[in-house]
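A quick write-up on the structure given underneath.
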Amino acid sequence: VNPSPLAQRVCQATQRLPREQRAACSGESVGVTFEAECTRMLSAALASGAVRPVESLDGRCVNALEARYATCDFTEYTTLPPIAACVELWQGQLEAGAVCRSSLECQTGLHCHGVGPTVSGVCGAPKPTGATCGTAIDGLAAYVSWKEADHAECTGRCTQGRCR
């Protein structure tokens with residue numbers, strides 16, 4: 001899959017830019033960025049049609065990230081609040097029962113159950129109370145901002161490996 005220009009812009013802004021700016025502010029090296037892997041995974045999701053961007057938000061997301069990291073002020077915080085334009089950017093297209101590579105690919109209300117770095121999952125409804133949870137790793141979701149509540153693994157919360 002050829003790299004998507006949108007994936008390249010978003011992954012550069014989420015993966016490389018913060019590390020470069022933190023390094024510039026602290027005088028340390030940039031270290032490892034995950035820009036290439038983010039771009040690869042997001043490009044594949046976009047190319048397959050499993051994820052569709054909300055066109056009006058892609059520029060606003062990147063612009064907001066660039067503004068966030070324009071000064072060293074961000075280094076004063078342990079965590080930063082999500083940027084709405086970035087969280088709302090991705091729309092999953094896959095229905096329940098579809099094979100998925102990330103919960104971002106599933107429609108709102110569905111989770112990609114069983115997904116891992118080397119294994120696909122299946123889009124499905126949140127698991128009921130008592131079910132096992134928290135055992136899968138969603139690579140794409142680790143790289144981009146997304147609305148986790150729209151793709152909950154459990155009907156309640158996942159705590160200590162169980163839906164509660």
Side-chain angles (χ1 to χ4, degrees), residues 1-4 6-19 22 31-55 57-58 61-62 64-65 68 74 77-164:
V1 175
N2 288 330
S4 153
L6 173 60
Q8 288 177 316
R9 280 196 338 267
V10 169
C11 293
Q12 188 279 333
T14 60
Q15 298 301 310
R16 177 169 295 283
L17 179 61
R19 287 163 180 83
R22 186 173 299 282
V32 176
T33 73
F34 297 98
E35 179 182 10
E37 187 62 7
C38 174
T39 300
R40 182 188 72 76
M41 293 178 79
L42 185 53
S43 292
L46 290 165
S48 72
V51 171
R52 190 175 71 215
V54 176
E55 297 295 336
L57 296 180
D58 59 354
C61 172
V62 172
L65 287 163
R68 171 178 275 179
F74 77 97
Y77 301 94
T78 305
T79 59
L80 296 166
I83 295 172
C86 298
V87 170
E88 301 286 339
L89 179 56
W90 310 114
Q91 291 182 329
Q93 302 299 303
L94 302 180
E95 297 177 356
V99 174
C100 50
R101 293 166 295 193
S102 170
S103 286
L104 272 80
E105 296 181 338
C106 301
Q107 292 177 346
T108 298
L110 302 177
H111 182 83
C112 187
H113 296 287
V115 71
T118 60
V119 64
S120 297
V122 176
C123 292
K127 294 178 180 178
T129 299
T132 301
C133 61
T135 59
I137 297 172
D138 189 330
L140 180 56
Y143 295 128
V144 298
S145 295
W146 60 298
K147 199 169 186 181
E148 263 183 271
D150 283 356
H151 302 283
E153 183 175 11
C154 300
T155 54
R157 297 180 56 154
C158 181
T159 307
Q160 298 178 336
R162 291 276 176 210
C163 293
R164 305 194 192 278

Side-chain heavy atoms of [X] within contact of [Y], under 4.5 Å:
X      : Y      : result
Glu88  : Lys147 : yes
Asp58  : Arg9   : yes
Tyr143 : Thr14  : no
Val54  : Gln91  : yes

Mind listing the closest non-hydrogen atom pair of [X] and [Y] along with its distance?
X      : Y      : value
Pro18  : Ala13  : CD-O, 3.4 Å
Gly114 : Val119 : O-CG1, 3.6 Å
Ala45  : Leu140 : CB-CD2, 4.1 Å
Cys163 : Cys133 : N-SG, 3.5 Å
Leu94  : Cys123 : CB-SG, 3.8 Å
Ala125 : Leu110 : N-CD2, 3.8 Å

Donor-acceptor contacts under 3.5 Å from residues 152-159 side chains, at least two apart:
unit_1	atom_1	unit_2	atom_2	d
Glu153	OE1	Gly134	N	3.1
Glu153	OE2	Gly134	N	3.2
Thr155	OG1	Lys127	O	3.4

Using 0.5 Å steps for rounding, measure from the [atom1] atom of [X] to the [atom2] atom of [Y].
X      : Y     : atom1 : atom2 : value
Leu65  : Cys86 : CG    : SG    : 4.0 Å
Gln15  : Phe34 : CD    : CZ    : 7.5 Å
Glu35  : Leu42 : CD    : CG    : 12.0 Å
Trp146 : Leu89 : CH2   : CG    : 14.0 Å
Arg68  : Ile83 : CZ    : CD1   : 4.0 Å
Gln8   : Cys38 : CD    : SG    : 10.5 Å

Q. Are Thr129 and Arg164 close enough that a side-chain donor and a side-chain acceptor fall under 3.5 Å?
A.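 No, no side-chain donor-acceptor pair sits under 3.5 Å.
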Please list, one pair per line, the donor and acceptor atoms closer than 3.5 Å that link side chains of residues 95-105 to other protein atoms, with sequence neighbours excluded.
unit_1	atom_1	unit_2	atom_2	d
Arg101	NE	Glu105	OE2	3.1
Arg101	NH2	Ser48	OG	2.9
Arg101	NH2	Glu105	OE2	2.9
Ser102	OG	Leu104	N	3.1
Ser102	OG	Asp138	OD1	2.8
Ser102	OG	Asp138	OD2	3.3
Ser103	OG	His111	ND1	3.2
Ser103	OG	Cys112	N	2.8
Glu105	OE1	Arg101	N	2.7

Partner set under ring-ring contact (aromatic ring centres under 6.0 Å, His included) for Trp90, not counting sequence neighbours: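 Partners of Trp90 under the ring-ring contact (aromatic ring centres under 6.0 Å, His included) test: none.
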- Task: For side chain to side chain contact (heavy atoms under 4.5 Å, CB included), just list the numbers for Val51 and Gln93, CA-CA rounded to whole Å, side-chain angles, deciding distance to a tenth of an Å, and then say yes or no.
- Result: CA-CA 6 Å; Val51 171; Gln93 302 299 303; over 6 Å; no
